[in-house]
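Structure first, commentary second.
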Amino acid sequence: METDPGFIAAVEEARQGQAEGGVPIGACLVSKDGKILGRGHNMRAQKGSATLHGEISALENSGRLPASAYEGATMYTTLSPCDMCTGACILYKVKRVVIGENKTFLGGEQYLQNRGIEVVVLQNEECVKLMTDFIREKPELWNEDIAV
């Protein structure tokens, strides 16, 4: 799964977020037939947004689509999704969430599974390093992002 185009895109997005000085979390939404619908990264710091987490950014960049386009899709994300992003995956009937890592933050994985969504955790070394370095270098931004 680490070689899936959706996961590769999510990691590229996380790197872009890091390069912009933001939270290095990326996501990519892929349709059930393998087409990338949208990709994005956390833009809270860059845009002064309260809601532009990686998964929300990927959904936003997917554009306005019929509900059927999301149904059965896979959300690739570099970090375990927070409550808001978990809810968005449930709302749009995503079938599977592939997570780069959950060592630095454990989000709503159990809730996703309880709602019938497949959850795959990769514990990808690059994803862990991106977040570990970020949390060490910018703890105030990380604490703001996760509402601590």
With sequence neighbours left out, the residues meeting salt bridge (charged side-chain N to carboxylate O under 4.0 Å, His left out) with D133 are K129, R136
Are the side chain of E101 and the backbone N or O of T104 linked by a donor-acceptor pair below 3.5 Å?
yes
Tell me, do P5 and I8 make a side-chain contact under 4.5 Å, heavy atoms counted?
no
Just jot down the side chain to side chain donor-acceptor pair (under 3.5 Å) partners of E118, sequence neighbours excluded, or say none.
none
Would you list the pairs meeting salt bridge (charged side-chain N to carboxylate O under 4.0 Å, His left out) in which at least one residue belongs to residues 51-79, sequence neighbours left out?
none
Please, which pairs that meet side-chain hydrogen bond (donor to acceptor under 3.5 Å, both in side chains) have at least one residue in residues 22-35, sequence neighbours excluded?
S31-D33
How about T77 and I25: do any of their side-chain heavy atoms sit closer than 4.5 Å?
yes
What residues, two or more places apart in sequence or in another chain, satisfy side-chain contact (heavy atoms from CB on, under 4.5 Å) together with V30?
C28, I36, Y76
Please determine whether residues V119 and Y111 belong to a single hydrophobic cluster, defined as Ile, Leu, Val, Met, Phe, Trp and Tyr linked transitively by side-chain heavy-atom distances below 4.5 Å.
yes
Under the side-chain contact (heavy atoms from CB on, under 4.5 Å) test, residues paired with L52 that sit two or more places apart:
M43, K47, S49, I56, S57
Of all residues at least two apart in sequence or in a different chain, which pass the side chain to side chain donor-acceptor pair (under 3.5 Å) check with E125?
none
Please confirm whether the backbone N or O of V97 pairs with a side-chain atom of T74, one donor and one acceptor, at under 3.5 Å?
no
Under the rule for salt bridge (charged side-chain N to carboxylate O under 4.0 Å, His left out), what residues qualify as partners of R96, not counting sequence neighbours?
none
State, with a plain yes or no, whether a side-chain heavy atom of Q123 is found less than 4.5 Å away from one of N102.
yes
Tell me, do L59 and M75 make a side-chain contact under 4.5 Å, heavy atoms counted?
yes
Compare all side-chain heavy atoms of L122 with those of V98 and state whether any distance is below 4.5 angstrom.
yes
Show me, pair by pair, the donor-acceptor contacts under 3.5 angstrom made by side chains of residues 79-93, not counting sequence neighbours?
residue, atom, partner, partner atom, Å
S80, OG, G107, N, 2.7
S80, OG, E109, OE2, 2.6
T86, OG1, P81, O, 3.3
T86, OG1, C82, O, 2.8

Who pairs with A73 by side-chain contact (heavy atoms from CB on, under 4.5 Å), at least two apart in sequence or on another chain?
L29
Partners of A45 by side-chain contact (heavy atoms from CB on, under 4.5 Å), sequence neighbours excluded?
L141
Quick check: closest heavy atoms across N124 and E2, and the distance to 0.1 Å?
ND2-OE1, 2.6 Å
Close side-chain approach of C127 and F7, heavy atoms under 4.5 Å
yes
Would you be so kind as to tabulate the donor-acceptor pairs closer than 3.5 Å made by side chains of residues 11-19, with sequence neighbours excluded?
residue, atom, partner, partner atom, Å
E12, OE1, R39, NH1, 3.4
E12, OE1, R39, NH2, 2.9
E13, OE1, H41, ND1, 2.6
E13, OE2, R39, NE, 2.9
R15, NE, E126, OE2, 2.6
R15, NH2, E126, OE1, 2.9
R15, NH2, E126, OE2, 3.1
Q16, NE2, E20, OE2, 2.8

